[in-house]
Amino acid sequence: MSLRRLILATQFLTRLPTPQVRDFRQEDLSRSAVYYPLVGAIIGVLLALPLYGLADRPWLAGALTLLVWVWVTGALHLDGLGDVADAFGAAHRNPQRFLEVLKDPHMGVFGVVTLIMQLLLKFVLLTELAVGPLWLGIVLVPAWARWGTLWWSQRIPSLHADGMGERFSWQLRPAAMWLWAVLLAAISVFVAWPLLLALLLVPLVALWWKRKLGGISGDGLGASVEAAETLLLLALVVLAPLVADVVAAA
């Protein structure tokens, strides 16, 4: 394990305090991406604390877990989701117009409404998850979503030659991506098997971007992380009764 790269991945994806990294080089950012799923798991552990500790008060558990989620990530991916929503809302199916709006630093009504709905949906799902049998799956939700960034940056062309997606995929090794997939899948089998849907969800997101725009941007990666997290939370909540039935039958 490269401690330097893990620190850089943590600095980029979270607001957690880390040691200072000296002599930063551009390729360091790309190489650090291999640790994104691990950083996602660290985020997940932090989310599990209020979710489990306040399970007897699910509304409070959901609110505090969401607050931790937004704080620890610095709303990094929410920013991408808002920008993408604005761009799609104003693009009218014109890819060039999409890229133009994406560069606008201002947030429009499409972005604001999308962020409100996203946070509301996450809150509701977290309150449901707090009292469900698959609550521990929250640890793996951010890990799977950040594994998705490895897949998307490898399998989808970047919309900008020097964009964020290109920098992520620059020196990424496909073997590392598959090793993470195997590890996360093995843990999910024992912790929360509905999360195995990520193996289908992530490629479907890639296919959607290819058909919609033919590529992806850094904001698109962020929006995809948010979408993946919400859909995986939904899977944990909706499929929880199946787990309860299996446990009862056993």
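Values below: every heavy atom of this structure, side chains too, minus hydrogens, waters and symmetry copies.
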Novice: Does a donor on one side chain and an acceptor on the other come within less than 3.5 Å for Trp193 and Ser188?
Specialist: no
Novice: So, do Ile216 and Ser158 sit near enough that their side-chain heavy atoms are less than 4.5 Å apart?
Specialist: no
Novice: Rounded to the nearest 0.5 Å, what's the gap from CZ on Arg15 to CD1 on Ile43? Could you check?
Specialist: 12.5 Å
Novice: Dump the intermediate steps for side chain to side chain contact (heavy atoms under 4.5 Å, CB included) on Val39 and Leu16, then the final yes or no.
Specialist: CA-CA 10 Å; Val39 175; Leu16 297 174; over 6 Å; no
Novice: Can you find a heavy atom in the side chain of Val72 that is under 4.5 Å from one in the side chain of Ile42?
Specialist: no
Novice: Can you see which heavy atom on Val45 is nearest to which on Val139, and at what distance?
Specialist: CG2-CG1, 4.0 Å
Novice: Which heavy-atom pair separates Ala235 from Pro194 by the least distance, and what is that distance?
Specialist: O-CB, 3.9 Å
Novice: Would you say the side chain of Ile156 lies within less than 4.5 Å of the side chain of Lys210, judging by non-hydrogen atoms?
Specialist: yes
Novice: Closest approach of Leu236 and Ile138, non-hydrogen atoms and distance?
Specialist: CD1-N, 4.3 Å
Novice: With distance as the sole test, does Arg146 use its side chain to make a donor-acceptor pair with the main-chain N or O of Pro142 at under 3.5 Å?
Specialist: yes
Novice: For the residue pair Met117 and Lys122, establish whether any side-chain heavy-atom pair is separated by less than 4.5 Å.
Specialist: no
Novice: Name all residues meeting the side-chain contact (heavy atoms from CB on, under 4.5 Å) criterion together with Leu183; count only those two or more places apart in sequence or in a different chain, and write none if there are none.
Specialist: Trp180, Ile187
Novice: On a heavy-atom basis, which atom in Trp209 and which in Gly215 lie closest, and how many Å separate them?
Specialist: CE3-O, 3.6 Å
Novice: For residues 109-129, which residue pairs pass the ring-ring contact (aromatic ring centres under 6.0 Å, His included) check, not counting sequence neighbours?
Specialist: Trp59-Phe123
Novice: Got Leu199 and Trp144 here, is their nearest side-chain heavy-atom distance under 4.5 Å?
Specialist: yes
Novice: Between Phe88 and Trp208, what is the ring plane arrangement, given parallel below 30°, perpendicular above 60°, and tilted in between?
Specialist: perpendicular
Novice: With heavy-atom distances below 4.5 Å as the criterion, would you say the side chains of Trp151 and Trp178 are in contact?
Specialist: yes
Novice: Tell me, please, which residues at least two apart from Gln118 pass side chain to side chain donor-acceptor pair (under 3.5 Å).
Specialist: Glu226, Thr230
Novice: Can you check whether Val124's main-chain N or O pairs, donor with acceptor, with Thr127's side chain at less than 3.5 Å?
Specialist: yes
Novice: Using side-chain heavy atoms (C-beta onward) and a distance below 4.5 Å, is Leu13 in contact with His77?
Specialist: yes
Novice: Is it true that a side-chain atom of Trp147 and a backbone atom of Met177 form a donor plus acceptor pair closer than 3.5 Å?
Specialist: yes
Novice: Kindly indicate, with the supporting measurements, whether the criterion side chain to side chain contact (heavy atoms under 4.5 Å, CB included) is fulfilled by Val225 and Leu221.
Specialist: CA-CA 6 Å; Val225 167; Leu221 289 172; 5.7 Å; no
Novice: Write down the atom of Leu8, the atom of Ser32, and the distance for their closest heavy-atom approach.
Specialist: CB-CB, 3.9 Å
Novice: The test is side chain to side chain contact (heavy atoms under 4.5 Å, CB included); show your working for Ile7 and Gln20 and say whether it passes.
Specialist: CA-CA 8 Å; Ile7 291 173; Gln20 184 178 1; over 6 Å; no
Novice: Between Ser153 and Leu150 (side chain of the first, backbone of the second, donor and acceptor by atom type, cut-off under 3.5 Å), is there such a pair?
Specialist: yes
Novice: Start with the C-alpha distance between Leu197 and Leu239, add both sets of side-chain angles, then the distance that settles side chain to side chain contact (heavy atoms under 4.5 Å, CB included), and finish with yes or no.
Specialist: CA-CA 11 Å; Leu197 290 173; Leu239 297 178; 4.1 Å; yes
Novice: Would you check if the side chain of Asp86 reaches a backbone N or O of Gly111 as a donor-acceptor pair within less than 3.5 Å?
Specialist: yes
Novice: To the closest 0.5 Å, what do you measure between CG (Leu38) and OG1 (Thr10)?
Specialist: 7.5 Å
Novice: If I compare all heavy atoms of Leu66 with all of Leu119, which pair ends up nearest, and what's the gap?
Specialist: CD2-O, 3.5 Å
Novice: So does Leu3 get a backbone contact from the side chain of Tyr35, meaning a donor-acceptor N/O pair under 3.5 Å?
Specialist: no
Novice: CG/Asp219 to CG/Leu81 distance, rounded to the nearest 0.5 angstrom?
Specialist: 10.0 Å
Novice: Does the side chain of Leu129 reach to within under 4.5 Å of the side chain of Leu51, using non-hydrogen atoms?
Specialist: yes
